[in-house]
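One structure is given here, and the rest of the page talks about it.
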Amino acid sequence: MHADLIGFGAIVLVAGLLARAGRRVGLPSVPFFMLTGILLGPATPGPVLVEHPEDLALLAAIGLVLLLFNLGVEFPVRQVFGSGKRLFIAAACSIGLNVGAGLALGFTLGWGTPEAFVIAGALGISSSAIATKLLIELRRLTNAETPVILGIIVIEDLFLAIYLALLSPILAGATSPGDIALHIGMSFGYLLLLVAVAKWGARAIGAVIGAREDELLAIGMVGLVVLVAGLSAEVGVSDAIGALMIGLVVARTAVRERVERLVLPLRDVFAAVFFVGFGLSIDIGAFGSVAVPVAIAVGVTIVANIGSGLITGSLFGFNQRGAANVGLTVLGRGEFSLILATLALGAGLDDRIGPFVALYVLILAVLSPMFAAQSRYLARVIPDQLLRSRWRYVREETMSTACTHLDRIHITETDGDACRECLDAGEEWVHLRMCLTCGAVGCCDESPGRHATAHFEQTGHPLIRSIEPHEDWQYCYVDGALVREPIGPREPVES
């Protein structure tokens, strides 16, 4: 017993230290938790801290259900269903491209039909934790595309619940159409039951777990979540579905905010154990047998994400940089891919699923921050024809919805058709820009004189717009970003 405690404590501590080191270089923590389990587990040569991974099975299961429960509690139902049609179209395209590509790859590998559907889900659902972390660390919260990215990953989370319900009969071993239909009916019937509880029984649930003391609320909350997850598994529905749905129920109670606060530390600790436990079950020697399929999966995911980014950019009128940011920010795969792999291994599917998903998640966890941070290079090579040609000369610029200098706009039209400084110096210009504060016309940064930028440096006037034919963009020097909102006519104001 003492040895088990020492091993468990040591491996969790090492996981935390490795994750902290990863954070310092801009990488997410999930792959480091998983890597700790792989390196210090019984299937890898070297030191072994946990001899029997099955000893952590219950703690790992609690981590899984708390992850999904927290997702349900924080799920913004009204925000999602109140979003415009374009967001649902964009999310459907993203899910369709990634899941479709994953399903095609799964069948091509020939590991079996259930395995193909697990691979499709693992490739199809982004890591909301990694995507959100990237938006914060890359300081893109005010970018025009950020609300769309957040909307897409939230809708993907909703899709996860539906996909788990559809996957349950496959994992349960149903083979005949009748068995599959029965299991799917049971899954969705159970979902409808929990939806009904959320609508009409939320007050009663709140009364059951509600307590003035945080300690008692936390105990009641964990007991409820684990109980519902266990009952879900008992009736043939995934415990993950039960945890997510009871989270949606609790989200409608009066104790929601307190539950959100209390569940976070519990979720983080037990989720770390879940990821470490997943790593402990992986034989590093099996990576060689899945290296080629993983390389193909990574390439397929990158292509599918870029494609969905371009579709989203076209739907919302983003330029090349905005479209690239959409596709590359949601490139990371993490917690949901590992959940699907865990369910597949628990159902006795092909053992290669574990190392395949583990290596796939590890590679994308490294690539996604790198690619997202360097999205401007992808923006350079996206053809103008795929988006709007009017963005041709600012394809690499960030688009912002939070410019605070719009009050400096005094002039929006001009009759000027020449850069006066270039004429005086006998130089030629490439493109012309107009200052939206005083109306001065100057040449662009591709011109030898760069007089539009020089005008900003001399006067501090922050905003310019292009006066080239068929171009309608505006740029703020101070924010270093395109101004997303179209600028309408304004009355001149004396400065």
Side-chain angles (χ1 to χ4, degrees), residues 139-140 142-147 313-325 375-376 379-495:
R139 299 179 180 179
R140 293 179 179 172
T142 60
N143 283 18
E145 73 276 359
T146 293
S314 178
L315 284 170
F316 286 88
F318 297 146
N319 68 338
Q320 284 89 337
R321 181 68 179 274
N325 284 349
S375 59
R376 63 184 180 278
R380 290 178 183 176
V381 299
I382 295 176
D384 298 326
Q385 294 80 0
L386 295 179
L387 294 168
R388 300 188 179 188
S389 59
R390 62 184 184 178
W391 302 109
R392 179 178 178 185
Y393 301 107
V394 285
R395 60 175 63 181
E396 298 173 44
E397 299 290 346
T398 296
M399 303 175 73
S400 175
T401 58
C403 179
T404 58
H405 306 94
L406 299 182
D407 60 334
R408 303 289 301 275
I409 299 174
H410 303 324
I411 298 176
T412 58
E413 301 296 334
T414 182
D415 294 329
D417 58 358
C419 174
R420 181 60 54 188
E421 286 82 357
C422 286
L423 290 176
D424 293 343
E427 297 175 344
E428 295 185 355
W429 60 83
V430 180
H431 306 108
L432 296 177
R433 315 296 184 221
M434 184 190 81
C435 173
L436 293 172
T437 299
C438 67
V441 174
C443 58
C444 66
D445 284 356
E446 296 177 8
S447 306
R450 303 177 73 248
H451 290 119
T453 298
H455 176 75
F456 159 69
E457 292 170 348
Q458 293 169 2
T459 64
H461 295 170
L463 288 153
I464 60 168
R465 76 170 181 86
S466 172
I467 57 173
E468 294 295 316
H470 310 298
E471 292 187 19
D472 60 356
W473 52 264
Q474 303 87 28
Y475 181 79
C476 179
Y477 282 108
V478 177
D479 293 329
L482 293 169
V483 179
R484 179 70 176 90
E485 296 85 359
I487 299 174
R490 293 170 179 256
E491 294 296 328
V493 178
E494 295 183 4
S495 56

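Excluded from the calculations below are hydrogen atoms, water molecules and symmetry mates; all remaining heavy atoms, backbone and side chain alike, are included.
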Can you measure from CG (Leu482) to OG1 (Thr398) and round to the nearest 0.5 angstrom?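 Nearest 0.5 Å value for the CG-OG1 distance: 8.0 Å.
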
Measure the CE-CH2 distance between Met399 and Trp473 for me, rounded to the nearest 0.5 Å.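 If I round to the nearest 0.5 Å, the distance is 12.0 Å.
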
Search all heavy atoms of [X] against all heavy atoms of [Y] and return the closest pair with its distance.
{"X": "Pro462", "Y": "His405", "value": "CG-CB, 3.8 Å"}
{"X": "Leu463", "Y": "Val483", "value": "CD2-CG2, 3.4 Å"}
{"X": "Gly480", "Y": "Tyr475", "value": "CA-OH, 3.3 Å"}
{"X": "His461", "Y": "Phe456", "value": "O-CD1, 3.1 Å"}
{"X": "Arg433", "Y": "Ala452", "value": "CB-CB, 3.9 Å"}
{"X": "Asn325", "Y": "Asn143", "value": "ND2-ND2, 3.8 Å"}

Any side-chain heavy atom of Phe316 within less than 4.5 Å of one from Glu145?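 In short, these two side chains do not touch, never coming nearer than 4.5 Å.
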
Side-chain touch Cys444/Leu432, heavy atoms, less than 4.5 angstrom: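 Contact flag for Cys444/Leu432 side chains = no.
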
Scan the side chains in residues 413-422 for donor-acceptor partners under 3.5 Å anywhere in the protein, sequence neighbours excluded, and list what turns up.
residue : atom : partner : partner atom : Å
Glu413  : OE1  : Arg465  : NH2          : 3.3
Thr414  : OG1  : Gly416  : N            : 3.0

Between Gln320 and Asp384, do the side chains contain a donor N or O and an acceptor N or O under 3.5 Å apart?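 The criterion, which ignores hydrogens and geometry beyond distance, is satisfied for Gln320 and Asp384.
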
Any donor-acceptor pair under 3.5 Å from Thr146 side chain to Arg140 backbone: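 Yes; judged by distance alone, with no hydrogens or angles, the pair exists.
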
For Ser466 and Glu468, indicate whether the former's side chain and the latter's backbone hold a donor-acceptor pair under 3.5 Å.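 Yes, because the side chain of Ser466 sits within donor-acceptor range (under 3.5 Å) of the backbone of Glu468.
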
